[in-house]
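Data block below; observations after.
Chain naming here is simple, since letters A, B, ... match the order of the sequence lines and numbering starts at 1 in each.
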Protein chains: 2
Amino acid sequence: MDELDQLCINTIRMLSVDTVQKAESGHPGMPMGAATIAYVLWTRHLRHNPKNPAWADRDRFVLSAGHGSALLYSLLHLTGYDLSLDDLQQFRQWGSRTPGHPERGCVPGVEVSTGPLGQGLGNALGMAIAERWLASTFNRPGHEVVNHYTYVLASDGDMMEGISSEMASLAGTLRLGRLIAMYDANRVTLSATTDVTFLEDVGGRFEACGWHVQHIDGHDVAAVDGALTAARLVEDRPSLIVARTHIGYGSPKKQDTFQAHGEPLGADEVRATKRTLGWPEDPPFHIPADALRVFRSSGERGRELEASWQRGLASYGSSHADDANRFTRVLAGELPNGWQSHLPTFTPADGEMATRDAGGKALVALAAVVTNLVGGSADLDPSTRTAMKDRGDFESPLRPPADGPKTQGLAGGEWGYGGRNLHFGVREHVMAAALTGMAVHGGLVPFGATFLTFSDYMRPSARLAALSHAHVVYVFTHDSVALGEDGPTHQPVEHLASLRAMPNMMVVRPSDATETVEAWRAALQHTGGPVALILTRQKLPVLDRTVLAPAAGLAKGAYVVVETSGRLPDVILIATGSEVALALDVHARLTEAGTASRVVSMPCWELFEAQPQSYRDMVLPPEVRARVSIEAAATFGWERYVGRDGASVGIDRFGASAPAPVLMREFGFTPEHVMETVRTVLARTRARGSGKPVS
Amino acid sequence: MDELDQLCINTIRMLSVDTVQKAESGHPGMPMGAATIAYVLWTRHLRHNPKNPAWADRDRFVLSAGHGSALLYSLLHLTGYDLSLDDLQQFRQWGSRTPGHPERGCVPGVEVSTGPLGQGLGNALGMAIAERWLASTFNRPGHEVVNHYTYVLASDGDMMEGISSEMASLAGTLRLGRLIAMYDANRVTLSATTDVTFLEDVGGRFEACGWHVQHIDGHDVAAVDGALTAARLVEDRPSLIVARTHIGYGSPKKQDTFQAHGEPLGADEVRATKRTLGWPEDPPFHIPADALRVFRSSGERGRELEASWQRGLASYGSSHADDANRFTRVLAGELPNGWQSHLPTFTPADGEMATRDAGGKALVALAAVVTNLVGGSADLDPSTRTAMKDRGDFESPLRPPADGPKTQGLAGGEWGYGGRNLHFGVREHVMAAALTGMAVHGGLVPFGATFLTFSDYMRPSARLAALSHAHVVYVFTHDSVALGEDGPTHQPVEHLASLRAMPNMMVVRPSDATETVEAWRAALQHTGGPVALILTRQKLPVLDRTVLAPAAGLAKGAYVVVETSGRLPDVILIATGSEVALALDVHARLTEAGTASRVVSMPCWELFEAQPQSYRDMVLPPEVRARVSIEAAATFGWERYVGRDGASVGIDRFGASAPAPVLMREFGFTPEHVMETVRTVLARTRARGSGKPVS
């Protein structure tokens, strides 16, 4: 091997080792083993500009094996990103830019937050989808303004996770030739060798999924280089490079051992490793000038690459001004002017309507104006109502012609990669991870749909979307036991609580068609993280906004829909979604009985809690302690609003299989049962004296 | 095809179709397409006794494609299980024994609750593990008291889910020859054909995982029969039979269409289908006597099979009385006499100890006496402390001999399938599903471990475990931000709330080593559903129970650990897990300051809520409104106990990467910050007047 190559590779190794050792915490083994792969990729293949990590047409690099963060930080520093040696020396410390696993937003060059295994593979799939969609949508003959690769580096652990197979299967079906996965096969995980846990032929699995697969020695520069070149040349299939490596490469005592995986080598072993690799034992964080020059010059190359691309973009702008404007705007994450005017409006004259249907209508209307709204479902769009009619299916142009209808969505025509309806198959998990990848790639407003119950399958990815502040919209329909006969396996109960408990996740459960439109409006405006829209299967009345408060109140999370005029309510009914209509019914009965009541629609806790205290106290006056929440879901968490004097009408058990009206009656979602609850609460609060602030 | 075979197959089809049509809800297409497979399996291969569905050595059948429940119910009725035609006619109705998806416990013969796709495959893996473990543990030369197969029927949707790959990979690695998967490849899912979403070669994927794979025409009786025979003969690998079928077989208008999947055929199409298949149009639920005779005679054969097995068991009992006694006892789910006396005890003299370490010691002690305690981790046992030293690794006896250490757990020796340490690999999802399968199989007390954050990966399976009332123990360690440097990707925040919100899930977060022992005691005693043990990575003091209340209070969910004597407390501190020690510190400071306080350790909400109101009021007197909860997790839900007058010290954001002590300080888990919170709460409640019940 070329000596300079060796020097560079060892620079990555030792910088990573010193980084972990200084922190006295971290994972040195993977960076040591994968250094050759990383070196060849980053200096010879990856098109990126360290001085502008936001360059739109950069190649994407995802470290799915996020525990090897020291590798990524070393690469960022060496190639000239805004990440200093001091930053490396603050690895894993409070407030540092180099957290234990890569976090999007902490430092430029980290595309997405990774660490939980398998996730980066799914993110990379989304990025590769985004690239092809943008290329298909914006490129014009002679103007390839979108033309990049997505590289993902994965470990044995990534490959064991089921999401890796969902990814492989979908990427293979979609023939995403711009996606290149490098598998750092060191065959040692935290607790066992892969001889014990993982005898499968991973390359064979990917071949079965339609991938181009190569097997190489991951410590051989020429082999890595050749494999990457070959992978790039294969355009009709994604590529997997299975690179056999040795964890902890160079450590006399720890190479190929569990101990190299997740703890510092220790001061003595660091020295021993440095001796073995011919490295100066002191000082730590030593970077040979010759090596730095190589890394930095690759960074320089990136500057030229971007400059060339910028010239191309200017030329594109000259000849395709409208496209260029739109391209610039979608990359900036801007929505088209006047998009909100396209939202539909509903009145009671439209008849009863499920919120999934209203959501579908809002989506179709938005799709016409927000032309980078791209998404689909995990094989449920006829049920989630998320097919965007006549917007095409996202599919490989190489797919054989259809022989009969292939989808129920009727997306229309042959659109190739410019189609906007994604068919994720029955793969909720990778759908979620891919949506995050699409969002952080930039240029798209992605959404994905399934039944609320199956949000469980998406949870690990949804959490990272929240941590990554990815703007994705989840459409979760069939939102309560009222989905009916499919029974408890399909009926969400605890899911609202578990989503609300997640930081940075916005959960919106609109009460009728009109609020559903407002929910979509809020979802597109809230760009700081994922938004979950919670929609019904069953029909609901469209509330009469000529006598009730406007649904625009949704933007504040909760609002007073109606109340007995002229005095403080005796009781407040707080409801969400399908239960608001029930609350209105109870309000009418209470009014008739001479009890003053207020109905609060609370579609979104997160938005409500972001309001000033004065607004919150106006909606829920502290002095009114008699409060009843109504939501066809677990009552868990509702004590926040009803206090211990109040009560919650909910479902604290699994559901049951029966027609929806029977279920709602049996589970107590009847005016009679709510009235009874109200009477109990009123009796309790009156006994304790009125006028006291609710507590 | 033999006419009688055809009659029997059409009987399954039409009974299923009529069942769905009567309910006006359900999935007819899959039963129609898979009827041949089901017929051949159930009448010629499956060893079961409809008159004793609890026969321990029966073959297991799992319908992973649970939406095809009408198929299973038809088979149960036809072969003579306790399921009447009237039950079929109550399909999907309130209180019926035939819910929309199969639910364990509703009707004998349903082994496990399925429906969410992919889950049954994972359950079947667990059953096959249980079978091999029991066989290896209890069989003696000439006495094969455990000797059965596990069959699982899966759909395209099951195969798209990532969990199917986790299952295939692990089952292949473990060489589970008694596991036979039948893949009903009808190539139509709810919203798209597999041409759009699923071009992979599923058989190739399974071959890459080490499976024996056959491809057949799923409507050819001889082909199905031959494939099942061949699959049973292959003992060194699991088998997959890829059976090409047609969804909605026989329906003139709906065969091979989406419409056959998830809705009744409609009255006209039911008639048309009956005409096509040569079936009488009336009456519905027609069962030809000749067909019934075939099905019932296969049931008869099962009675003889069991009788023969019972004779074998008696002979086994004569020659191996102790083994037979133990076998009977483990199958009955009984724990050995005196098992609790083996639990360790801890005192402050043991020094500071992480609850994961205490849990590990309790596990090892239990493993010595509860000899059917079998489990492992998703590649984390050195971190979760769940390796049972010297109890062997569960592995194929055909595995090549070790060349160096293969696991960190040092399980000792070559145990083959009798080993009790399971190595799930980095596959949390299938670990959870397999644990459910092991539990419902019977004979084992299964546990599985990972970090609390990664419980998200397990959630779909854990939910079905709860619905199935499966007795499994989840060991979730690294239970808060105090895991330190690994950062927010690995730090649980919302997970306690989201687990507590799930029906029938018992969550236990012990405060010290002594409570951890009590937590394991409770976990083995609570047999009605899953138990999640929530344990720390960081060291904690062992509380001095000579001055504090005994940890046995854990059995009631919450108890008073210490309090200012002689009067009602001014403030109650409610803490769990690692935060109880902090609460004790604050209690000492408050005492010094002349404020009466009480510390309540609340390791388990579910157990506490199961106590009588009198006990709950004793622990948390309603008149004490000044309450502060302390838990290093989302505060979501804590209003239930602190009321709106109280306050919660918690973490309502994602964590951060830093050493644990820094994190705990920055997030406010210091005596000073809690004292400040207490003062605020006291000021607020005093201002509002004392003596009022908390609300």
Output the option from [options] having the highest count of non-hydrogen pairs under 4.5 Å with chain B.
{"options": "A:D195, A:T194, A:L467, A:L174", "value": "A:L467"}
{"options": "A:A501, A:G646, A:A192, A:G487", "value": "A:A501"}
{"options": "A:P488, A:G26, A:G210, A:G157", "value": "A:P488"}
{"options": "A:Q93, A:E103, A:R427", "value": "A:R427"}

Within this structure, what is the [atom1]-[atom2] distance for the pair [X] and [Y], rounded to the nearest 0.5 Å?
{"X": "A:T197", "Y": "B:E395", "atom1": "OG1", "atom2": "CD", "value": "11.5 Å"}
{"X": "B:R175", "Y": "A:L199", "atom1": "CZ", "atom2": "CG", "value": "7.5 Å"}
{"X": "A:S498", "Y": "B:R500", "atom1": "OG", "atom2": "CZ", "value": "14.0 Å"}
{"X": "B:E200", "Y": "A:F206", "atom1": "CD", "atom2": "CZ", "value": "10.5 Å"}
{"X": "B:I163", "Y": "A:Y457", "atom1": "CD1", "atom2": "OH", "value": "6.5 Å"}
{"X": "B:L380", "Y": "A:T189", "atom1": "CG", "atom2": "OG1", "value": "8.5 Å"}

Need one label for [X]: side chain, backbone, both or neither, based on atoms under 4.5 Å from any heavy atom in chain A.
{"X": "B:E207", "value": "neither"}
{"X": "B:H429", "value": "side chain"}
{"X": "B:Q90", "value": "neither"}
{"X": "B:T453", "value": "side chain"}
{"X": "B:A497", "value": "both"}
{"X": "B:A466", "value": "both"}

Minimum heavy-atom distance between [X] and [Y], given as atom pair plus value:
{"X": "A:A208", "Y": "B:G204", "result": "CB-C, 3.6 Å"}
{"X": "A:D456", "Y": "B:R459", "result": "OD1-NE, 3.2 Å"}
{"X": "A:G637", "Y": "B:F636", "result": "CA-CE2, 3.9 Å"}

Taking C-beta and beyond as the side chain, do [X] and [Y] meet within less than 4.5 Å on heavy atoms?
{"X": "A:M159", "Y": "B:S169", "answer": "no"}
{"X": "A:H27", "Y": "B:D486", "answer": "yes"}
{"X": "A:P659", "Y": "B:R92", "answer": "no"}
{"X": "B:T635", "Y": "A:R640", "answer": "yes"}
{"X": "B:F454", "Y": "A:P460", "answer": "no"}
{"X": "B:E166", "Y": "A:E161", "answer": "yes"}
{"X": "A:D652", "Y": "B:P503", "answer": "no"}
{"X": "A:L464", "Y": "B:T489", "answer": "yes"}

Show, in sequence, the C-alpha distance, side-chain angles and deciding distance for A:W94 and B:R665, and conclude whether the side-chain contact (heavy atoms from CB on, under 4.5 Å) test is met. CA-CA 11 Å; A:W94 179 261; B:R665 189 180 67 230; over 6 Å; no
Who among [options] has the most heavy-atom pairs with chain A under 4.5 Å?
{"options": "B:A23, B:P116, B:G115", "result": "B:P116"}
{"options": "B:E24, B:M167, B:M458, B:R653", "result": "B:R653"}
{"options": "B:S96, B:S377, B:G425, B:A634", "result": "B:G425"}
{"options": "B:Q259, B:E428, B:H67", "result": "B:E428"}
{"options": "B:H490, B:Q119, B:H495", "result": "B:H490"}
{"options": "B:D201, B:T257, B:D379", "result": "B:D379"}

Check the side chains of A:S165 and B:S165 for a donor-acceptor pair under 3.5 angstrom, ignoring hydrogens and angles.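 Their side chains do contain a donor-acceptor pair, which is all the 3.5 Å distance test asks for.
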Show your reasoning for whether side-chain contact (heavy atoms from CB on, under 4.5 Å) applies to B:F198 and A:H423. CA-CA 10 Å; B:F198 197 38; A:H423 294 278; over 6 Å; no
With the threshold set at 4.0 Å, does a side-chain nitrogen-carboxylate oxygen contact exist between A:E639 and B:R644? no
Atom group of A:Q491 that falls short of 4.5 Å from chain B, counting heavy atoms: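 The backbone, not the side chain.
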Do A:S657 side-chain atoms and B:G100 backbone N/O form a donor-acceptor pair below 3.5 Å?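 Yes.
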Please lay out, stage by stage, how A:R463 and B:E494 fare under the test salt bridge (charged side-chain N to carboxylate O under 4.0 Å, His left out). CA-CA 10 Å; A:R463 184 173 207 259; B:E494 72 280 19; 2.7 Å; yes
